[in-house]
Asks: 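Just dropping this structure here.
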Amino acid sequence: ASDAGGEPAAGGETSGGADDGVITLGFSQVGAESGWRAANTKSIQDTLTVDNGFELKFSDAQQKQENQIQAIRSYITQGVDVIAFSPVVETGWDAVLQEAKSAGIPVILTDRAVDSSDETLYESFIGSDFVKEGEMAGEWVVEQYDGEGYQAVELQGTTGAAPAIDRKEGFESAIEGSDVEIIDSQTGNFTRAEGKTVMEGFLNKHDDIDLVFAHNDDMGLGAIEAIEAAGMTPGEDIKIVTIDAVKDGMQALVDGKINYIVECNPLLGPDLAEIAQKVVAGEEVEKRIVVKDEAFDQAAAEEALPTREY
Amino acid sequence: MTNLLRHHLFWPVAALVALLVANTVASPGFLAITVRDGHLFGAPIDILRTTAPLLLVALGMTLVIATRGIDLSVGAVVAVSGAVALSHIASSPNPDSPVTVLTAIGLALALCLVLGVWNGFLVSVLGIQPIIATLILMTAGRGVAMLITGGMITTVNSAPFKVLGSGFWLGLPVAAVLAFGVFAVVAFVVRRTALGMLLEATGINPAASRLSGVRSKTLTWTVYAAAGLFAGLAGLLISADTMAADANNAGLFIELDAILAVVIGGTALSGGKFNLSGTLVGALVIATLERTVTVVGISPLVTPLFMALVVIAVTLLQSPRMRERLTAATRRPVATTPPEPQSAARPDSTEVKAR
Amino acid sequence: MTQQTTPPVVEMTGISVEFPPVKALDGVDLHLRPGEIHALMGENGAGKSTLIKALTGIHSPTEGTIRVDGVERRFTGPADARAHGVSTVYQEVNLCGNLTVAENIMLGAEPRRLGGLHWRAMRRQAATHLERMGLSIDPASSLGSHSLAVQQLVAICRATVGDCKVLILDEPTSSLDTDEVAHLFTVMRALRDDGVAILFVSHFLDQVYEVSDRMTVLRNGRLVGEFITADLPTHELVQHMIGRSMDVLEAAEHVVERAGRPAGTTPLLQAVGLGRKGSVQPFDLELYEGEVVGLAGLLGSGRTELARLLTGADRADAGQTRMAGKPARLRTPRAAMDLGIAYTSEDRKGEGVVDGLTVRENIVLGLQARRGWMRPLPRKQVDELVASYIEQLGIRPADPEALLRNLSGGNQQKVLLARWLATAPRLLVLDEPTRGIDVGAKAEIQKLVADLAADGMSVVFISAELEEVLRISHRIAVLRDRRKVAEIDGGGATMDQVVDLIAGGGAA
Amino acid sequence: MTTSAPARAPRALKIPTRLDRRYLPVVGTFVVLALMLVVGGSRYENFVSPAVISNLFINNAHLIVLAVGMTFVILTGGIDLSVGSVLALSTVVTAALLQAGWPPAVVIPLAVGAGTVIGLAHGVMVHYFQVQPFVATLAGMFFARGLCFVIAPESIAIDEASFVSLATWVQIFGGWRMSSGVLIALIVVGAGFLVLHFTRFGRTVYAVGGGEQSALLMGLPVARTKVLAYVVSGTCAGLGGLLFAMYSQSGYSLTGVAMELDAIAAVVIGGTLLTGGTGFVLGSVLGVLVLGLIQTIITFEGTLSSWWTKIVIGVLLLIFVAVQRVLSLRKT
Ligand SMILES: Nc1ncnc2c1ncn2[C@@H]1O[C@H](COP(=O)(O)OP(=O)(O)OP(=O)(O)O)[C@@H](O)[C@H]1O
Ligand SMILES: Nc1ncnc2c1ncn2[C@@H]1O[C@H](COP(=O)(O)OP(=O)(O)OP(=O)(O)O)[C@@H](O)[C@H]1O
Ligand SMILES: [Mg+2]
Ligand SMILES: [Mg+2]
């Protein structure tokens with residue numbers, strides 16, 4: 001499956017090709033910057049096992065695009081059957097994807113999309129729609145609290161990161177037209193500690209915060225600490241809406257400290273396995289497979305929590 | 001007036017005051033401290049608490065810098081410390097028992113001390129340049145922390161441990177009491193014994209110190225160990241603050257903040273004379289600055305720009321050159337100040353005037 | 001004052017320099033004429049170096065005018081001064097040890113080819129300059145690998161590159177020995193005859209008398225006067241410099257009582273076959289209590305290296321040492337210190353002063369290091385100790401809180417001496433302790449050494465100045481080519497005898 | 001001491017028979033690099049192949065340029081923490097302006113020039129205001145990163161035809177590949193080498209690092225040299241950004257976070273002392289290759305979990321530094 005391109009007969013023997021029934025898949029992960037990411041990695045590693053007919057080559061790019069490009073190049077040289085990766089950035093993949101294409105290796109994107117004019121460079125994208133997540137959160141807020149003149153603060157993710165930009169955009173578009181107003185917005189870098197400090201600052205500054213929208217659970221959990229320290233009750237005095245639905249967040253939702261969580265599902269392993277098999281078998285696959293993200297309120301969370309994997 | 005201007009703490013304190021004023025303007029109740037649930041509450045108290053870990057790390061950093069070194073690994077050590085402590089508590093059957101918590105703390109601090117000793121070994125025995133020696137642990141340390149937590153955020157519920165982060169003692173945050181206490185003790189020891197002088201001598205002229213019988217290697221070793229230990233303590237405070245050990249993000253870039261605190265406090269990175277009271281003010285300035293960004297409502301897009309401008313302003317005002325100008329201006333009429341280019345070529349003004 | 005044959009090339013009038021609150025110079029005049037060697041004289045801290053730095057634009061005078069070639073100028077720094085023909089060799093060797101000898105000499109006036117440096121020509125030209133100074137070292141070697149004396153000569157080479165009208169030498173001879181000095185003087189005279197004005201600072205009166213035509217004397221930052229060298233007897237000069245008559249100097253002449261040591265005593269320190277590869281050949285040496293042992297040798301003969309082995313500064317790889325009869329290992333300076341051995345390095349700037357600390361801290365450093373950090377000396381005791389050494393050695397300014405880097409070179413040296421005396425050693429190894437120290441203080445130090453020996457201390461004394469070694473040593477070990485070649489009794493030795501031995505039986 | 005006639009003879013013969021001590025760390029790095037290639041080659045298939053080695057250069061072209069600039073600054077005894085951010089700024093400027101329809105001929109000088117200007121500001125702060133380099137450039141780091149966000153927080157793809165064709169230019173001989181980025185990087189290395197060794201500015205850089213005060217007393221133009229060193233570093237960072245923009249065909253404000261540490265590590269691994277005055281540009285290039293090789297080993301190793309990746313990088317770094325240290329000690 002993998003003899004082509006400018007590469008001189010690169011390591012056909014290591015991959016073995018699909019003909020022996022085992023699919024060699026090179027996966028380049030963004031990094032390990034969060035619990036969400038760790039769950040994502042684990043899901044992939046647990047699914048793409050030898051038992052399931054895969055040989056997984058995994059590498060961690062440490063959040064560096066150059067490492068990721070290098071890893072992909074190395075997979076091309078090694079002649080894997082399929083390459084999959086979660087791009088660090090949306091842009092700048094044309095060249096390396098072109099190389100993969102001319103080497104005849106199909107590419108699958110996970111979690112984050114790439115911004116490329118040429119859609120034939122990759123087979124499929126599996127992941128969540130961050131804008132949609134923001135919208136879901138916003139819609140719930142509007143549905144619940146419109147008309148009460150809610151003042152919201154926003155804890156943004158890392159400045160410049162795609163999920164932060166998209167979730168903000170989605171949330172803002174959803175609350176447009178309602179009387180929910182974002183009175184302050186600051187980055188908490190997706191972490192608990194910064195979520196807490198920023199929330200403390202908001203509480204110092206504003207006396208009348210009704211709602212917190214955090215771009216992920218961790219910052220929301222940090223905000224809970226700050227709210228409690230200020231002598232208020234999270235979930236009641238100040239409502240909290242977050243995205244991700246990791247275990248800790250779900251627990252807080254069950255405990256009533258968070259009011260609503262939009263899921264961002266990290267368990268992409270099974271989907272990836274399925275698509276990879278199809279691609280190698282030469283079947284047509286959908287260009288864009290949006291993972292179904294649920295949303296939880298307290299009742300739903302109570303139900304889901306016991307079986308939560310991450 | 002001149003004396004006040006020339007005091008080494010003038011500009012850092014002025015920066016602190018300016019930030020507090022900016023905050024008070026943006027949010028008039030900023031400086032108000034109230035009593036709530038039997039303890040003090042308010043933004044200044046928050047600032048004290050958030051300063052605590054940074055202060056500890058900066059304390060160790062000051063000592064390391066005094067010996068002409070630098071420790072980039074403190075952030076990773078912070079992560080390791082939290083990971084060890086919380087993993088121990090999480091895996092114990094009884095997370096609320098003080099024994100468990102104390103063991104966890106002991107384990108974490110011991111490991112961090114070992115990490116510090118390791119840095120000291122690389123620097124003083126193998127003679128590897130500090131920045132690279134500690135870069136090794138900076139990279140690998142986070143890996144170790146992630147190895148311990150499995151890359152996930154470890155959360156625990158443990159009342160005794162929570163006290164470290166959000167407890168109060170005599171109305172003050174335990175974290176702040178602990179950090180400022182440790183700071184005071186170390187500052188006292190360093191200045192009341194000969195340690196400070198010997199460290200400075202080592203930093204200024206290692207060869208001369210060696211010939212004078214100063215055990216420079218042991219001292220170097222000691223300061224790295226101390227930096228590791230303090231970073232470990234800071235790691236405990238940070239993880240207790242959110243009751244979570246985040247191997248990726250705990251203490252991320254705290255080394256830069258700490259170095260900045262040290263420098264704002266007037267200690268030169270070239271080693272030698274150091275200034276612990278300056279470091280204290282420096283740490284407060286940085287913690288307040290972070291708070292200011294939120295309170296004044298700087299957009300996240302311009303936050304780094306704003307931080308940069310503040311840092312540039314403070315360092316420029318504090319620069320030897322500016323001080324010279326200012327003191328010259330207050331001392332004698334402009335007419336007799338020496339012609340411009342002459343002082344530019346003054347070779348010994350680099351550090352003499354710095355303090 | 002005398003016949004104004006030629007107009008001065010440098011004319012400094014009413015120069016004052018302040019380091020608040022100290023007034024380092026107060027209305028000083030200096031006139032340098034083309035084709036003369038002009039000595040600038042004064043005690044340590046009199047302001048000689050400061051005057052030179054005021055001329056070259058490092059310090060800016062608060063008052064006074066500087067004229068060069070009749071034009072009033074304030075140089076912006078050494079580069080500017082050099083561009084106007086004023087070359088300077090500053091007191092401490094100020095070259096870059098990481099560069100090659102050739103670069104240190106030629107940088108700034110380097111030959112070029114195709115717009116870039118012409119390395120070969122650079123080395124060739126540097127070699128010519130070195131040769132003129134009588135130095136046979138590889139111009140491509142790195143400067144830092146050479147001894148201080150060589151570095152000093154290289155610095156002088158650098159100053160003579162390019163066209164200079166004025167050459168300023170601030171204590172160029174402090175670490176040179178007779179041969180080098182003679183050579184330097186030849187070069188200086190040649191330059192003078194070419195019409196260069198040379199300003200020369202030295203604490204060696206005989207050198208000053210040998211080479212200079214005229215002198216300016218400073219005392220405490222004030223001008224005493226300008227004199228024709230030939231018309232000014234030595235004792236008057238000294239009187240002008242120190243403001244007292246010179247009985248101190250005479251006292252030093254007979255300080256050493258060369259009573260032979262009692263037979264059969266065990267030596268305080270005994271080295272047997274001590275040596276180190278690439279440094280000194282294995283040697284035997286015995287040092288007794290109450291004895292001053294001088295080390296004599298040419299520049300580079302290995303005196304410093306020998307001293308370093310004796311004091312743990314370098315680790316020997318052959319031989320043994322015994323301290324008071326018991327085997328002792330001198331692995332580190334600290335180990336040597338614990339045995340009561342103290343060492344003052346010849347490299348004051350690199351291995352001696354801790355220039356960012358105060359005089360007080362520098363003096364107590366050794367003692368404190370030995371006590372360990374946990375037992376700080378009580379402040380009162382420190383103050384007394386420091387005050388007594390400041391007084392005893394005449395350290396100026398007499399301010400314990402002054403930063404060491406602000407002291408004049410000679411005073412820094414005194415502080416270092418105080419550091420070691422404070423540790424009350426049993427064996428004191430002094431490597432060039434009187435370098436850069438003025439006549440009065442030098443006599444004091446010699447007297448001090450003699451007194452210490454009389455009190456039972458054992459002293460190893462190294463000096464580039466042979467008379468000094470002869471004057472105070474009980475015994476003299478002679479080194480040649482990094483090998484100990486002879487040991488003679490100090491009492492009976494004559495200058496010629498020692499010179500013969502040093503030069504290798506007169507073969508040269 | 002000797003007469004001048006015989007003194008000439010031995011000097012003429014003084015051909016360096018022994019290796020100059022100053023080259024030891026560089027040689028040490030080189031030996032370790034070679035060892036690592038040998039070990040890697042015996043451990044992994046295709047490890048020592050033209051493709052892998054070409055990729056080593058192609059992937060690290062930008063870092064090589066950063067390291068060259070960093071070498072200048074570190075040689076003067078300073079440090080430049082801003083290069084990662086300046087690199088990002090340059091990519092963002094390039095991408096944003098190209099997107100706005102500006103011609104590459106205008107955009108490229110502007111992107112590089114942004115680095116130059118920031119470098120100049122650093123130099124002025126460090127020299128004329130005597131702000132410590134670490135702090136001045138740390139402020140510069142925040143500043144450049146801040147500008148990135150202000151210009152464009154999200155990543156921008158570059159699709160300007162002539163820029164893309166420049167970026168994707170590749171020359172292939174045998175298994176070897178040479179991209180335009182590598183070509184530029186090699187030119188920069190050559191220029192850096194020539195400037196450091198064959199110009200007065202270059203030698204003054206060393207002199208300043210050897211002792212600023214001495215250099216000043218020697219009458220060398222210290223002020224100009226120091227400022228210029230930061231300008232060189234800033235320019236290299238700007239150029240590095242351009243190379244990165246070519247390499248990734250995009251501009252992104254979060255590019256190059258902590259890349260300054262890579263650059264510093266490369267320089268130091270290459271044998272340059274952080275105290276200044278000793279070191280070589282070629283050593284820094286070797287340093288970059290060492291770091292790149294570590295990354296290559298990680299990818300070849302195949303399946304390392306994220307944390308083991310970090311630990312292995314640390315351990316390999318340790319091995320490099322320790323072995324290099326031992327090698328350069330041994331021969332003294
Ligand atoms: N940078 C400075 N700051 C403060 N005081 C200084 C400084 N430089 C010199 N001094 C003081 O100025 C006086 C003159 O010093 P200078 O170095 O000119 O003496 P000198 O005549 O060269 O002595 P020596 O023979 O010991 O070299 C001394 O008291 C010294 O302490
Ligand atoms: N004229 C010279 N030519 C070449 N090398 C020299 C010269 N003078 C000294 N050296 C170097 O100096 C080293 C010996 O220095 P050392 O300091 O031990 O000598 P010393 O007897 O203490 O003389 P001094 O202290 O006066 O320099 C030798 O390694 C030698 O290479
Ligand atoms: Mg002097
Ligand atoms: Mg000597």
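So that the names make sense, note that chain A is the first sequence line, chain B the second, and so on, each numbered from 1.
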Asks: Is it the backbone or the side chain of B/Val296 that comes under 4.5 Å from a heavy atom of chain A, or both, or neither?
Replies: backbone
Asks: Side chain from CB out, backbone as N, CA, C, O: work out which of these in B/Arg142 comes under 4.5 Å of a heavy atom of chain A, or both, or neither.
Replies: neither
Asks: Is A/Ala229 close to chain B through its backbone or its side chain, or both, or neither, when contacts mean heavy atoms under 4.5 Å?
Replies: backbone
Asks: By a 4.5 Å heavy-atom criterion (distance strictly below it), what part of A/Thr197 contacts chain B: side chain, backbone, both, or neither?
Replies: both
Asks: If we ignore hydrogens and angles and just use 3.5 Å, is the side chain of A/Lys196 paired with the main-chain N or O of B/Asp241 as donor and acceptor?
Replies: yes
Asks: Work out which heavy atom in B/Ser27 is nearest to a heavy atom in A/Asn204; give both atom names and the distance.
Replies: OG-O, 3.3 Å
Asks: Could you tell me which non-hydrogen atom of B/Ile298 sits nearest to which non-hydrogen atom of A/Gln186, and how far apart they are?
Replies: O-NE2, 2.8 Å
Asks: For B/Thr50, is it the side chain, the backbone, both or neither that has a heavy atom under 4.5 Å from a heavy atom of chain A?
Replies: side chain
Asks: Of the backbone (N, CA, C, O) and the side chain (C-beta and beyond), which part of B/Met152 lies under 4.5 Å from a heavy atom of chain A, both, or neither?
Replies: both
Asks: Counting only non-hydrogen atoms closer than 4.5 Å, does A/Asp207 touch chain B with its backbone (N, CA, C, O), its side chain (CB onward), both, or neither?
Replies: neither
Asks: Can you see which heavy atom on A/Ala38 is nearest to which on B/Gly150, and at what distance?
Replies: CB-O, 4.4 Å
Asks: Got B/Thr294 and A/Lys205 here, is their nearest side-chain heavy-atom distance under 4.5 Å?
Replies: no
Asks: Which region of A/Gln156, side chain (C-beta onward) or backbone (N, CA, C, O), has a non-hydrogen atom less than 4.5 Å from a non-hydrogen atom of chain B, or is it both or neither?
Replies: side chain
Asks: Checking heavy atoms, do the side chain of A/Glu225, its backbone, both or neither come under 4.5 Å from chain B?
Replies: side chain
Asks: Would you say the side-chain atoms of A/Glu200 pair up with the backbone N or O of B/Asp46, donor to acceptor, closer than 3.5 Å?
Replies: no
Asks: Tell me, side chain or backbone of A/Ala230 under 4.5 Å from chain B's heavy atoms, or both, or neither?
Replies: both
Asks: Is any side-chain N of the basic residue among A/Arg192 and B/Asp246 closer than 4.0 Å to the acidic one's carboxylate O?
Replies: no
Asks: Decide side-chain contact (heavy atoms from CB on, under 4.5 Å) for A/Thr159 and B/Leu301; before the verdict, give the C-alpha distance in whole Å, the side-chain angles of both, and the deciding distance to 0.1 Å.
Replies: CA-CA 7 Å; A/Thr159 312; B/Leu301 289 184; 3.6 Å; yes
Asks: Which atoms of B/Thr292 come close to chain A, meaning under 4.5 Å heavy atom to heavy atom: side chain ones, backbone ones, both, or neither?
Replies: neither
